[in-house]
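Some notes on the structure that comes next.
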Amino acid sequence: QVQLVESGGGLVQAGGSLRLSCAASGRTFGNYAMGWFRQAPGKEREFVAAISWSGVTIRYGDSVKGRFTVSRDNAKNMVYLQMNRLKPEDTADYYCACRSKGYIDYDLNSYDYWGQGTQVTVSS
């Protein structure tokens, strides 16, 4: 079992930055790929970023490439999402997810554990 708790969301002006954190429990955290997804009101949950167990393989959704950076610290059981040059369309609830495999996937259905989410609001 893995439990995930996100933090770091909030209200920010367009062009600003936020850093989301995801704290994971479980001694096998370092073996699992991690993902970030987001869901805006009235929209489906979408892929934002994912990082493999080692941190070597990283992928981003097209809408955040060049602006967001995902990283992890396996010693601390933490995953981060640095979000720069935020846009109003980035407004959503952001979710951390854990996949019981070491390699990443874009499909949210392949992730086994989810956090409760943290809200990000970007004002124009």
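- Placement of Val2 and Leu20 within a single hydrophobic cluster is found when ILVMFWY residues are connected by side-chain heavy-atom separations under 4.5 Å, directly or transitively.
- The CG atom of Asn84 lies 3.5 Å from the OG atom of Ser17; values are rounded to the nearest 0.5 Å.
- In plain terms, the two heavy atoms of Ala49 and Leu81 that are nearest each other are CB-CD1, 4.2 Å.
- Taking every heavy atom of both residues into account, Arg38 and Glu46 meet most closely at NE-OE2, 2.5 Å.
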Please test Leu108 against Tyr95 for side-chain contact (heavy atoms from CB on, under 4.5 Å), starting from the C-alpha separation and ending with a verdict. CA-CA 11 Å; Leu108 61 88; Tyr95 296 89; over 6 Å; no

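- Using a 4.5 Å heavy-atom threshold, the side chains of Cys96 and Trp36 count as touching.
- For Ser21 against Tyr80, the heavy-atom pair with the smallest separation is OG-CD2, 3.5 Å.
- The OH atom of Tyr60 sits 11.5 Å away from the OH atom of Tyr106 when rounded to the nearest 0.5 Å.
- Scanning for side chain to side chain contact (heavy atoms under 4.5 Å, CB included) contacts around Asn109 gives Asp107, with sequence neighbours left out.
- In this structure, Asn77 CG and Arg72 CZ are separated by 9.0 Å, a value rounded to the nearest 0.5 Å.
- Taking both residues in full, the closest heavy atoms of Leu11 and Ser123 are given as CD1-CB, 4.3 Å, listed atom of the first, atom of the second, then distance.
- Residues Asp62 and Lys65 are paired through a salt bridge, judged by an N-O separation under 4.0 Å between the basic side chain and the carboxylate.
- Judged by distance alone, with hydrogens and angles left aside, the side-chain atoms of Asp105 form no donor-acceptor pair with the main-chain N or O of Ser110 at under 3.5 Å.
- With no hydrogens or angles considered, no side-chain donor-acceptor pair links Arg99 and Tyr111 at under 3.5 Å.
- Residue pairs meeting the disulfide (SG to SG under 2.5 Å) criterion with at least one partner in residues 36-66, sequence neighbours excluded, are absent.
- Between the side chain of Gln82 and the main chain of Thr69, no donor-acceptor pair closer than 3.5 Å is present.
- Criterion: ILVMFWY side-chain heavy atoms under 4.5 Å apart, direct or through other members. Under it, Trp53 and Val70 are not part of a common hydrophobic cluster.
- Interatomic distance, CZ of Phe68 versus CE of Met83, reported as 5.0 Å (0.5 Å rounding).
- Taking the six-membered ring where the residue is Trp, Phe37 and Trp114 present tilted rings, their angle falling between 30° and 60°.
- Taking OG of Ser63 as the reference point, atom CD of Glu89 lies at 8.5 Å (rounded to 0.5 Å).
- When every heavy atom of Lys43 is checked against every heavy atom of Gln39, the shortest pair comes out as O-NE2, 3.1 Å.
- Side-chain atoms of Glu6 and Tyr94, non-hydrogen and from C-beta on, never get closer than 4.5 Å to each other.
- Both Leu18 and Val48 are assigned to one and the same hydrophobic cluster, defined by single-linkage of ILVMFWY side chains at heavy-atom distances under 4.5 Å.
- Shortest non-hydrogen contact noted between Val56 and Ser52 is N-OG, 3.4 Å.
- Taking CG of Asp90 as the start and OG1 of Thr121 as the end, the distance is 11.0 Å to the nearest 0.5 Å.
- Met34 and Ile58 fall within a single hydrophobic cluster, where Ile, Leu, Val, Met, Phe, Trp and Tyr side chains are chained together by heavy-atom contacts under 4.5 Å.
- No chain of hydrophobic side-chain contacts below 4.5 Å, direct or via other Ile, Leu, Val, Met, Phe, Trp or Tyr residues, connects Ile51 to Phe47.
- Judged purely by atom type and a 3.5 angstrom limit, Thr91 uses its side chain to pair as donor or acceptor with the backbone of Val122.
- With sequence neighbours excluded, the residues satisfying side chain to side chain contact (heavy atoms under 4.5 Å, CB included) with Ala23 are Met78.
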